[in-house]
Peer 1: 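Structure in structure tokens, see below.
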Amino acid sequence: MSNLATVDLNFMAVAPLITLAVAALLVLILDLVLPADRSRPWLYAAGVGGVLVALLYTYQLWWGPAAGPAASVVGAGALGRLSTGIAVFGGHYVLDRFTLIFHALVLIAVLCALLMSAPRRDEEKSGYLALLLGAALGMGVLAGAGSFFTLFLGLEILSLNLYVAVAFERGKVTAQEAGFKYLILGAAATATMVYGFALLYGQTGTMALSGLAAGWHSGSTVLMKVGLGLVLFGLFFKLALAPFHFWAPDVYQGASAPVTAFMSVGTKAASFAALVRILLAALPEEPSRFLLPLWILAVLSMVVGSFSAAVQNNVKRLLAYSGVAHVGYLMMSLLGLSDRGVTAGLFYLGAYLFMNIGAFAVVAGLGRSGRDGEELADFTGLFYRRPGLALAMTLFLLSLAGMPPAAGFQGKLYLVLAALASGAGAAAWWLVGALVVTTGVSAYAYLRVAAEMFRKAEPAAASGTEGYREAAAAAHGPESAAAGAGAPFSWALAAVLAVAALGTLYLGVFPQSALALTRYVLPLP
Amino acid sequence: MIGDMVQAYLALSGILFVIGAAGLMLRRSPLVMLMCVEIMLNAANLAFVAFARHLGNMEGHIFTFLVITVAAAEVAIGLAIIVLLFRERDAADVDDVNTLRG
């Protein structure tokens with residue numbers, strides 16, 4: 001690309017990523033040097049502190065180099081339209097506000113995941129924390145990828161960490177099974193993607209994303225089309241877009257709630273960033289014809305996700321299928337690849353971050369004795385046992401279903417408006433129609449859980465006995481209930497719930513302020 | 001001369017990739033499945049190196065190093081998870097790993 005003297009080794013530009021790596025190492029070292037019985041708080045302090053410092057760096061970069069003049073951007077054409085920032089490390093990493101907003105999303109997600117796991121009493125915390133931080137690092141790299149090198153490395157850093165994090169709970173067979181399935185399918189998707197990179201490299205002769213579009217102008221474009229298809233296959237797999245979603249329900253159910261909450265949001269956000277960059281860089285001037293398969297997959301995702309969610313009795317599986325449907329909605333933001341559409345997609349990801357993490361936090365909060373409160377029966381009569389938790393869950397479910405005043409409604413509204421304004425014609429109407437229909441179906445899925453929470457628990461019901469005992473314990477006061485059920489509820493989990501609930505409401509009631517933020521990312525015409 | 005050769009290499013790498021993908025779908029032993037993923041990655045490596053020779057730049061060669069390194073990490077993790085999974089239960093192939101359904 002260029003010789004070493006001219007490569008811009010701007011370590012300040014990747015300060016948030018370096019901070020995450022240092023924090024992960026620090027956690028591991030602290031575990032070695034501190035006495036085992038007193039190390040836990042320090043490990044968490046190091047992890048949470050590292051994420052907070054990374055957030056601070058992200059904020060600094062947002063107003064600093066990322067706001068720089070567009071002229072300094074390496075890579076003309078479609079990718080340049082996205083960027084107001086700078087390209088560093090010889091163009092392999094792009095530091096712009098598009099990257100940074102994904103950094104912020106991922107960092108908030110990993111912060112919530114760290115806090116959610118704080119009440120869990122299991123050993124070997126340091127490895128677990130380092131894995132979460134490492135996965136966040138990979139997502140950050142993926143969001144800022146400017147070439148196949150960084151795309152591949154980011155994807156693998158996040159995947160390898162998550163494979164282990166999913167299988168981490170020792171002695172839990174479902175976790176190991178989920179880890180195994182995720183590993184085999186994920187590795188196959190990665191291999192497919194790498195093969196796609198090889199073909200694209202053969203066509204264009206460069207690894208830089210900015211050089212991709214040139215591949216359309218040289219003779220045969222077979223390599224270009226096949227390569228692009230294989231790369232998109234890998235990304236769709238990571239996004240869990242139907243029909244590449246089959247791993248998601250198993251993995252979401254098997255992994256512990258904090259890991260699931262983090263990976264569902266973080267992986268989707270980072271893969272979405274990579275998808276936008278690749279599509280903007282690779283598609284020829286007239287993109288609508290090439291994107292038809294994407295719309296078919298989006299509609300399929302919405303249908304499969306919402307109908308499958310409606311028949312689930314496991315709340316984690318339900319949320320997994322809901323995630324599949326939400327990715328379908330998210331794909332609407334790519335109609336016409338307009339700035340307005342991508343802005344709506346960013347807003348939707350923000351809304352999904354808060355409502356999804358909130359829902360998983362409730363699942364984690366209901367957990368007892370090393371198990372998450374994930375069965376529908378765990379939610380029976382929740383309102384009469386823990387009204388606060390039940391009301392929070394209701395808010396998140398309403399938001400996921402897309403009802404005002406929660407964030408999910410505004411998110412869908414912007415997606416529909418952007419789709420109709422994109423000038424994509426019939427495709428836009430098909431997608432909007434599918435969104436409306438599947439929203440109705442998935443509302444049934446979510447409200448089934450909500451109704452379960454407000455139903456009085458029947459002592460006779462076989463599955464309700466535990467709930468009944470807990471209800472009886474609750475009558476003796478909150479302390480005895482907490483002790484009796486062994487519920488790992490804590491201030492950390494409460495903080496996550498509060499942040500998620502506030503975020504969901506704030507984005508729902510004052511969407512303009514957040515939308516103004518995303519408008520910094522993409523200079524609107 | 002090289003122009004003709006790159007097509008031969010590409011054909012070979014395509015065949016390797018298909019062998020890997022087919023093996024992944026048809027075989028039921030977790031170890032063999034992991035090997036099939038490796039074949040797919042090496043098919044990509046072959047294509048990278050062939051294209052790099054053909055195009056006369058180094059980027060393809062460098063990417064191959066990355067892929068080899070990452071593949072090693074992937075296999076290490078894969079073997080660890082497989083050992084963990086199959087020590088706990090008396091299962092010989094992946095069809096016995098079916099706790100998660102629905």
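Just so it is clear, the values below take in all heavy atoms, side chains as well, and ignore hydrogens, waters and symmetry mates. In what follows, chains are A, B, ... by sequence order, proteins preceding strands, each numbered from 1.
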Peer 1: Begin with the C-alpha distance, continue with both residues' side-chain angles, and end with the deciding distance and a verdict on side chain to side chain contact (heavy atoms under 4.5 Å, CB included) for A:L199 and B:L10.
Peer 2: CA-CA 9 Å; A:L199 298 185; B:L10 198 57; 4.1 Å; yes
Peer 1: Is B:L85 in contact with chain A via its backbone, its side chain, both, or neither, using a 4.5 Å heavy-atom distance?
Peer 2: both
Peer 1: Please flag which part of A:I157 lies under 4.5 Å from any non-hydrogen atom of chain B: side chain, backbone, both or neither.
Peer 2: neither
Peer 1: Compare every heavy atom of B:L24 with every heavy atom of A:A188, then report the nearest pair and how far apart it is.
Peer 2: CB-CD2, 3.2 Å
Peer 1: If you look at every heavy atom in B:E59 and A:G205, which pair is closest and at what distance?
Peer 2: OE1-O, 4.2 Å
Peer 1: Measuring heavy-atom distances to chain A, does B:T69 have an atom under 4.5 Å in its side chain, in its backbone, in both, or in neither?
Peer 2: neither
Peer 1: Mind ranking B:L34, B:N45, B:V70, B:N42 by heavy-atom pairs under 4.5 Å with chain A and telling me who comes out on top?
Peer 2: B:V70
Peer 1: Work out which heavy atom in B:I77 is nearest to a heavy atom in A:Y163; give both atom names and the distance.
Peer 2: CG2-CB, 4.2 Å
Peer 1: Distance check, rounded to the nearest 0.5 Å: B:I81 atom CD1 versus A:Q176 atom CD?
Peer 2: 9.0 Å
Peer 1: Measure the spacing between CG of B:L55 and CD of A:Q203 and express it to the nearest 0.5 Å.
Peer 2: 10.0 Å
Peer 1: Side chain, backbone, both or neither: which part of A:L183 has an atom under 4.5 Å from a heavy atom of chain B?
Peer 2: side chain
Peer 1: Measure distances from B:A52 to the heavy atoms of chain A and classify the residue's part below 4.5 Å as side chain, backbone, both or neither.
Peer 2: both
Peer 1: Please say which of A:F149, A:Y195, A:F148 ends up in a ring pair (Phe, Tyr, Trp, His ring centres under 6.0 Å) with B:F63.
Peer 2: A:F149
Peer 1: I need the minimum non-hydrogen distance between B:A47 and A:A198, along with the two atoms involved.
Peer 2: CB-CB, 3.8 Å
Peer 1: How about A:F180 and B:L84: do any of their side-chain heavy atoms sit closer than 4.5 Å?
Peer 2: no
Peer 1: So what's closer than 4.5 Å to chain A heavy atoms on B:I39: side chain, backbone, both or neither?
Peer 2: neither
Peer 1: In Å, rounded to the nearest 0.5 Å, how long is the span from CE of B:M40 to OG1 of A:T192?
Peer 2: 4.0 Å
Peer 1: Would a 4.5 Å heavy-atom cut-off, applied to side chains only, mark B:N57 and A:T206 as touching?
Peer 2: no
Peer 1: Heavy-atom distances under 4.5 Å only: say whether A:S159 touches chain B with side chain, backbone, both or neither.
Peer 2: neither
Peer 1: So which part of A:L223 gets closer than 4.5 Å to some heavy atom of chain B, the side chain, the backbone, both or neither?
Peer 2: side chain
Peer 1: With a 4.5 angstrom heavy-atom cut-off, could you sort out which part of B:L46 is near chain A: side chain, backbone, both or neither?
Peer 2: neither
